[in-house]
Amino acid sequence: MMTTKLSHTGPLSYGRLLLVLGCLYILTGITVFSSQVDLGAFNIWVILLIASIKASLVLLFFMHLKYEPPLLKRTFIATIFILAIFISFMFWDVAFRQAL
Amino acid sequence: MQMKDKFGIKLGMWLFLYTEIMLFGALFLLYAAYYKKYTANFAESAQELNLVFGTVNTVILITSSFTVAASITAIHNKARKLAIALLATSSTLGIIFLINKYFEWSHKIHAGIYLNSDILTNGPFGSNIFFSLYYLITGLHGLHVFIGIMLLIVCGIMVAQKRIVPGNYVFLENVGLYWHLVDLIWIFVFPLFYLVI
């Protein structure tokens, strides 16, 4: 068969979009609250973790990535992987500079 | 009738978005490197930023992301008027975001915090870096918001003119992707500039 399913489903229903929006509101509340609590060095990790969860929700549902074909998902993962290489190599560099 | 390669059009948009991720990714990289070196200065400077403005703008952008996504659902469900209303809401929210940004920036500039100002150049080096990154990243992000608003307005007009119709709305989807990316970047800008302690 030549017909390939391009997009697995159409747009999400209003209900599901609203559910995602609700989750994003709650996570925003949590992140603002967490910034008022002093967790020392953990604060930055907590707010980054929550930001990553929020970003994932936007990507998967608002940007429809969850329902796209594997090719699109792979290109996205490759991009994030390259960005992760940049970030890790930079910290690697910074860490060794202190030893000098 | 010309057949449209919808997947190809979408993939092309995503490839463009990857370059945007790299653009802002590099700026966040810069932030990370300086944060490690000047953690205390960064935390002090972040206290200067107004948490209320930041939180309100976060809620505004998240909501506008929802209304854009819902406008695609609306056009798919043949609810043309609802789609136009949702797009109008999205662009209005974008404009409110920029107005807030304008007040926020002017407040900072009046307080003597701007690039190359006396307070920053004579103050701690880390704070100077923090505010340079603040103006650079929020400025570049603001430019993206402005472009996004224009594109949303164009989409609204195209829906009204029936150039975006239930069977053919890939342009709206791509504009939606752009707007979501703008939201995505703000999701990281907000904690890094307003919430670090």
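Keep in mind that what you see is a predicted model, and the values were worked out from it rather than measured. Below, chain A is the first sequence line, B the second, and so on; all start at residue 1.
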Treating Ile, Leu, Val, Met, Phe, Trp and Tyr as nodes and any side-chain heavy-atom pair under 4.5 angstrom as an edge, say whether [X] and [Y] lie in one connected cluster.
{"X": "B/W14", "Y": "B/I9", "answer": "no"}
{"X": "B/I119", "Y": "B/L133", "answer": "no"}
{"X": "B/M158", "Y": "B/I153", "answer": "yes"}
{"X": "A/I26", "Y": "A/L19", "answer": "no"}
{"X": "B/L152", "Y": "B/V165", "answer": "no"}

Heavy-atom distance under 4.5 Å to chain A: side chain of [X], backbone, both or neither?
{"X": "B/L51", "answer": "side chain"}
{"X": "B/L15", "answer": "neither"}
{"X": "B/Y194", "answer": "neither"}
{"X": "B/A43", "answer": "neither"}
{"X": "B/Y169", "answer": "side chain"}
{"X": "B/F28", "answer": "neither"}
{"X": "B/T63", "answer": "both"}

Apply side chain to side chain contact (heavy atoms under 4.5 Å, CB included) to A/Y25 and B/V59, showing your working. CA-CA 7 Å; A/Y25 282 156; B/V59 170; 3.7 Å; yes
N/O donor-acceptor pair under 3.5 Å between B/T73 side chain and A/P11 backbone: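 Looks like no, no N/O pair under 3.5 Å.
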Under 4.5 Å from any heavy atom of chain B, what part of [X] do you find: side chain, backbone, both or neither?
{"X": "A/V37", "result": "backbone"}
{"X": "A/L18", "result": "both"}
{"X": "A/S13", "result": "backbone"}

Can you tell me how far apart [atom1] ([X]) and [atom2] ([Y]) are? Round to the nearest 0.5 Å.
{"X": "A/H64", "Y": "B/E173", "atom1": "NE2", "atom2": "CD", "value": "7.5 Å"}
{"X": "A/S56", "Y": "B/I187", "atom1": "OG", "atom2": "CD1", "value": "9.0 Å"}
{"X": "A/F91", "Y": "B/L29", "atom1": "CZ", "atom2": "CG", "value": "7.5 Å"}
{"X": "B/W186", "Y": "A/K54", "atom1": "CH2", "atom2": "NZ", "value": "10.5 Å"}
{"X": "A/L24", "Y": "B/L61", "atom1": "CG", "atom2": "CG", "value": "11.5 Å"}

Note, [X] side chain near [Y] side chain (heavy atom, < 4.5 Å):
{"X": "A/N43", "Y": "B/V196", "answer": "no"}
{"X": "B/M22", "Y": "A/T79", "answer": "yes"}
{"X": "A/Y14", "Y": "B/L82", "answer": "yes"}
{"X": "B/L181", "Y": "A/V58", "answer": "no"}

A/I44, A/I82, A/L12: which one forms the most heavy-atom pairs within less than 4.5 Å of chain B?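 Winner by heavy-atom pair count: A/I44.
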Considering only heavy atoms and a distance below 4.5 Å, find which of A/I50, A/L83, A/T75 pairs most often with chain B.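 Result: the option with the highest number of such pairs is A/T75.
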Evaluate the side chain to side chain contact (heavy atoms under 4.5 Å, CB included) criterion for residues B/L184 and A/M63: first the C-alpha distance (whole Å), next the side-chain angles of each, then the deciding distance (0.1 Å), finally the verdict. CA-CA 10 Å; B/L184 212 58; A/M63 295 174 92; 4.3 Å; yes
Taking atom OH of B/Y34 as the centre, report whether more than 12 heavy atoms of other residues, nucleotides or ligands fall under 6.0 Å from it.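 Counting neighbours around OH of B/Y34, 12 or fewer heavy atoms of other residues, nucleotides or ligands fall under 6.0 Å, so no.
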Just say parallel, tilted or perpendicular for the rings of A/F76 and B/Y18, cut-offs at 30° and 60°.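 Correct class here is tilted.
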Option in B/W179, B/F66, B/Y35, B/F190 with maximal non-hydrogen atom pairs under 4.5 Å from chain A: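 Looking at each of B/W179, B/F66, B/Y35, B/F190 in turn, B/F66 comes out on top.
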Using a cut-off of under 4.5 Å on heavy-atom pairs, state which of B/G25, B/G176, B/A74 scores highest against chain A.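 The residue among B/G25, B/G176, B/A74 with the greatest pair count is B/A74.
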